[in-house]
2 protein chains.
Amino acid sequence: MPPVRRTRSAKATPAALHLTRFLPYRLSVLANTVSHTVAKLYETRFGITIPEWRIIAVLGGGETLSAGDIARRTAMDKVQVSRAISRMLDSALILRESGDTDRRKALLTLTPKALAIYTEIVPMALAYEAELTDALSDEERATLDQLLTRLQARADALATPAAPEGEEAVDA
Amino acid sequence: MPPVRRTRSAKATPAALHLTRFLPYRLSVLANTVSHTVAKLYETRFGITIPEWRIIAVLGGGETLSAGDIARRTAMDKVQVSRAISRMLDSALILRESGDTDRRKALLTLTPKALAIYTEIVPMALAYEAELTDALSDEERATLDQLLTRLQARADALATPAAPEGEEAVDA
DNA sequence: ACAAGATAGTTTCGTTTGAAACTGTTGCAA
DNA sequence: TTGCAACAGTTTCAAACGAAACTATCTTGT
């Protein structure tokens with residue numbers, strides 16, 4: 001009997017991997033391209049960064065939130081939020097007031113200056129988003145929405161236990 | 001006659017923007033969740049970073065490329081590639097040889113050690129990808145592929161002139 | 001009522017990042 | 001040929017990042 005011939009599928013050739021077909025890679029590149037573009041948009045027009053934009057976005061409705069609330073809603077970590085808030089205090093975009101029931105929590109509100117930015121920036125943001133999905137039909141847009149939601153849920157489930165929820169993000 | 005009632009669509013209320021429905025935000029969060037997970041995977045198992053993984057991925061076929069080639073194929077900028085290569089030289093994952101026709105270009109090849117990592121890592125990467133898209137049907141996977149391709153093309157077209165092509169990415 | 005632990009937020013520290021400046025090499029034009 | 005722009009890759013620098021340590025406040029159990 002001849003020795004067992006190692007079959008090709010066993011170990012020899014690992015399925016080839018083309019980076020440009022690899023989903024994590026593609027998501028990363030796409031998210032980066034998009035983030036860079038909008039970051040430059042916000043930066044040149046309003047002098048704010050993406051973390052600051054996110055904070056403006058969640059406070060723009062006039063709500064008053066604590067830093068922790070903001071971190072949860074923006075998927076940024078508390079360090080990032082803390083730093084962004086301190087920048088925004090310097091540039092008079094935000095108001096901080098100690099809560100009286102719990103003095104650990106600081107209640108944050110946008111200043112009129114920030115609200116003005118909000119009013120101007122939201123249409124720009126939506127316009128960019130519209131341009132980005134320009135080539136998609138309404139049905140495709142709905143499908144994309146669907147798929148992203150499901151992928152995010154799956155990614156969260158597969159995420160390292162250290163960050164099971166409230167994932168931090170580079171920018172956007 | 002009562003005075004004209006300002007219509008809601010005029011100026012008063014800018015279309016509300018919910019971060020969790022905003023595509024750039026969603027892409028950023030998803031890409032980050034995924035990147036973090038795979039980064040930890042590569043880090044704990046092989047002690048390599050994502051830039052290093054990408055370089056291994058493009059050189060894994062046995063090809064010999066220059067740093068510039070790698071930058072183009074991995075969508076990383078040349079600084080990032082340069083740094084990753086220098087790490088890989090230290091850890092004996094890569095071989096650098098000066099080209100004789102053009103001494104500016106260095107020809108890079110993986111060492112057997114890196115090839116062994118490649119052989120082990122590719123199935124892991126594909127397995128993660130498979131798990132991520134677990135809940136998707138084949139048709140949905142094809143649609144996702146389609147949509148991502150089109151979004152990337154659109155995002156490139158809308159990108160700031162500074163980076164019209166060969167976009168750099170944080171990780172993945 | 002008070003020690004122990006949880007929670008809110010900030011600061012520190014070492015690492016990573018990208019833009020810009022720099023070094024060295026090649027190709028081209030006068 | 002030689003001078004200059006383009007190119008490959010590295011280094012520098014200031015900013016941004018995240019983990020972990022820290023401060024301050026609140027909650028809970030005994």
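Throughout, a chain's letter reflects where its sequence line sits, starting with A, and its residues are numbered from 1.
- The distance between atom CD1 of B/I48 and atom P of C/dT16, rounded to the nearest whole Å, is 14 Å.
- Rounded to whole angstrom, the span from the CZ atom of A/R72 across to the P atom of C/dT7 amounts to 11 Å.
- Counting non-hydrogen atoms under 4.0 angstrom, B/K78 reaches a base of the nucleic acid.
- Phosphate contact (OP1/OP2 of D/dG18, side-chain N/O of A/Q80, threshold under 4.0 Å): present.
- For the pair B/N32 CG and C/dT16 P, the computed distance is 16 Å after rounding to whole Å.
- Two residues are said to be in side-chain contact when any heavy atoms from C-beta on lie closer than 4.5 Å; A/K78 and A/R72 fail this criterion.
- Regarding B/E52, its CD atom lies at a distance of 10 Å from the P atom of C/dT17, rounded to whole Å.
- For B/S82, counting side-chain heavy atoms from C-beta on, the closest listed nucleotide (C/dT12, D/dT11, D/dT25) is D/dT11.
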Exercise. Could you walk me through whether B/E97 and B/L108 pass the side-chain contact (heavy atoms from CB on, under 4.5 Å) check?
Worked result: CA-CA 7 Å; B/E97 183 191 0; B/L108 302 161; over 6 Å; no

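- Rounded to whole Å, atom C1' of C/dT10 lies 14 Å from atom CG of A/L108.
- Here the CG-OG1 distance, from B/L59 to B/T111, works out to 10.5 Å after rounding to the nearest 0.5 Å.
- Rounded to whole Å, the distance from CD on A/E43 to C1' on D/dA16 is 14 Å.
- A/S66 comes within contact range of the sugar-phosphate backbone alone, with a heavy-atom separation under 4.0 Å but no base atom that close.
- Of the residues near DNA chain D, A/R83 and A/T101, the one whose nearest nucleotide (by heavy atom distance) lies more toward the 5' end is A/R83.
- Formation of a donor-acceptor pair under 3.5 Å by the B/N32 side chain with backbone atoms of B/S28 is found in this model.
- Nucleic acid contact class of A/T49 (heavy atoms, under 4.0 Å, all strands): none.
- Remark: A/R87 is not in phosphate contact with C/dT10, judged by side-chain N or O atoms under 4.0 Å from OP1 or OP2.
- Nearest to the side-chain atoms of B/R96 among the listed nucleotides D/dG9, C/dT7, C/dT17 stands D/dG9.
- Nucleotide D/dG9 holds its C1' atom 12 Å from the CG atom of B/D77, rounded to whole Å.
- Side-chain contact between A/R45 and A/I121 is absent, with no heavy atoms from C-beta onward closer than 4.5 Å.
- In this structure, B/I94 atom CD1 and D/dG9 atom C1' are separated by 14 Å, rounded to whole Å.
- Closest to the side chain of B/R104, out of D/dA24, D/dC17, C/dT26, is C/dT26.
- In this structure, B/R103 reaches the C/dT26 phosphate: one of its side-chain N or O atoms is under 4.0 Å from OP1 or OP2.
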